[in-house]
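Beneath this line is the structure, given in structure tokens, with notes to follow.
FYI, side chains are in, hydrogens and waters are out, and symmetry mates aren't considered; it's all heavy atoms of this structure.
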Amino acid sequence: MAKTKAVAKPKPSKQDGEPTYHEAEATPGAPGKLGRKAYERELARLQIELVKLQEWVRHAGLKVVALFEGRDAAGKGGTIKRITESLNPRICRVVALGTPTEREKTQWYFQRYAAQLPAAGEMVLFDRSWYNRAGVERVMGFCSEREVEEFFRSCPQFEGMLIRSGITLVKYWFSVSDEEQERRFQRRLGDPTRRWKLSPMDLRSRERWLDYSKAKDDMFAHTDSRESPWWVVNADVKRHARLNCISHLLGMLPYQDLTPEPIELPPRQDHGKYVRPPITDQTFVPERYT
């Protein structure tokens, strides 16, 4: 085992009297946007720290859950992708559940999410989560107001149980202005590789910006607490949002550097009299690009 090096970071906390964040306060087109080289350099540094965090989670048997919520095209998926790029999928996995089946609709609402929670030594990133009930399901009429009220009663208790069981729960809301969201939607329309990201539900939700804003405010009023706070990410500039979110996540989990000592590769086994079969006996992928 390599000698451990403390990389503990203080856990941020809410201050009394801190003003409530509104999406309108996001600063679109913030000046001083990070250049690509500087962004990639800092992202690479943070990804090394994420690997250290991963090893500490595995070593210490921690259970970590991070929720990523926010507007369509706010950049949740891109941030999750940058977090997981260099991590072991057996330790850090992404959960992005689809529409519930008819059977799942009859279950306790949190049941299918609880089945995805981590065991010791695991991190789970939810690309949308149980907060679907307070957002898209409520706005689009997929649940009743009675079910929403029950969600608001149950959710703080559910999250309290997770935290008391030893799970570290971090909730992120990616906030994007309507102007920036419109730019990203238009970009997706013009790019065949991104067009799949615009589902029929995304197009319908675009018409109901105000309803989503009211639902989000109501959700925060019921579920933003000291025990389980929402952390708002200003996502109008994707590069800044990714770096800010990753840096904050690292700061929420004190960890130690368990980077192993350099490895020396052992010598290969002597081939002896082994003769490889002729390549004509094998079927190769056509080399269209040489």
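Inter-residue side-chain proximity for M252 and V64 is flagged as unmet; no heavy-atom pair is nearer than 4.5 Å. Considering only heavy atoms from C-beta on, L117 stays 4.5 Å or farther from K63 through its side chain. Taking the side chain as every heavy atom from C-beta outward, L50 and S86 never approach each other to under 4.5 Å. Taking the side chain as every heavy atom from C-beta outward, R133 and R138 never approach each other to under 4.5 Å. Between E150 and Y109 there is no side-chain heavy-atom pair separated by less than 4.5 Å. For the pair F68 and C245, the minimum side-chain heavy-atom distance is below 4.5 Å. At least one side-chain heavy atom of L169 sits under 4.5 Å from a side-chain heavy atom of L67. For the pair V65/V170, no side-chain contact is recorded, criterion being any heavy-atom separation below 4.5 Å from C-beta on.
No donor-acceptor pair under 3.5 Å is formed between the side chain of Q107 and the backbone N or O of R103.
From R82, atom CZ reaches atom CG of L46 across 13.0 Å, with rounding to the nearest 0.5 Å. Put simply, CD on E42 and CZ on R242 are 14.5 Å apart, with the number rounded to the nearest 0.5 Å. Atom OG of S228 and atom CG of L162 lie 8.5 Å apart (nearest 0.5 Å). Considering CG of L249 and CD1 of I246, their distance stands at 8.5 Å, rounded to 0.5 Å.
Of all heavy-atom pairs spanning V148 and C143, the tightest one is CG2-SG, 3.6 Å. Closest of all the heavy-atom pairs between W209 and Q181 is CZ3-OE1, 3.0 Å. T223 approaches F152 most closely through the heavy-atom pair CG2-CD2, 4.4 Å. F151 and A134 make their closest contact through CE2-CB, 3.8 Å (heavy atoms, listed as atom of the first residue, atom of the second, distance). Closest approach of G61 to A120, counting heavy atoms only: O-CB, 3.5 Å. Scanning both residues, N132 and R128, for their nearest heavy atoms gives OD1-CD, 3.8 Å.
Using a cut-off of 4.0 Å between Lys/Arg side-chain N and Asp/Glu carboxylate O, E85 and K81 are scored as not salt-bridged. Under the 4.0 Å criterion applied to side-chain N and carboxylate O atoms, D236 and R183 are not assigned as salt-bridge partners. Under a 4.0 Å N-O distance rule, the pair R58/E55 qualifies as a salt bridge. Remark: R36 engages E40 in a salt bridge, criterion side-chain N to carboxylate O under 4.0 Å.
Geometric assessment of R71 against the ring of Y212 yields a negative cation-pi assignment under the 6.0 Å and 45° thresholds.
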Dump the intermediate steps for side chain to side chain contact (heavy atoms under 4.5 Å, CB included) on L125 and V95, then the final yes or no.
CA-CA 6 Å; L125 312 182; V95 173; over 6 Å; no
Apply side chain to side chain contact (heavy atoms under 4.5 Å, CB included) to L253 and T168, showing your working.
CA-CA 8 Å; L253 293 156; T168 298; 3.6 Å; yes
Verdict with supporting geometry, K214 and R208, side chain to side chain contact (heavy atoms under 4.5 Å, CB included):
CA-CA 10 Å; K214 292 178 179 178; R208 309 192 68 172; over 6 Å; no
Take S175 and N234 through the test side chain to side chain contact (heavy atoms under 4.5 Å, CB included) and record every step on the way to the result.
CA-CA 5 Å; S175 179; N234 183 345; 5.9 Å; no
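When hydrophobic clusters are built by joining Ile, Leu, Val, Met, Phe, Trp and Tyr residues whose side-chain heavy atoms come closer than 4.5 Å, directly or via intermediates, I48 is not grouped with I91. One hydrophobic cluster holds both I163 and F110 under the rule that ILVMFWY side chains link at heavy-atom gaps under 4.5 Å. One hydrophobic cluster, built from ILVMFWY side chains closer than 4.5 Å, holds both L250 and V51.
Of the residues K52, E49, Q54, H59, the one that meets the side-chain hydrogen bond (donor to acceptor under 3.5 Å, both in side chains) test with Y255 is E49. Among E69, K171, E137, the single residue meeting the side-chain hydrogen bond (donor to acceptor under 3.5 Å, both in side chains) criterion with Y131 is K171.
A ring-centre distance under 6.0 Å is not found for F158 and Y113. No close placement of the W231 and Y172 rings is indicated, their centers lying 6.0 Å or farther apart.
Atom CD of Q269 is surrounded by 12 or fewer heavy atoms from other residues, nucleotides or ligands within 6.0 Å.
With no hydrogens or angles considered, no side-chain donor-acceptor pair links Y39 and H240 at under 3.5 Å. Side-chain atoms of E159 and W130 form a donor-acceptor pair, as typed in the model, at a separation below 3.5 Å.
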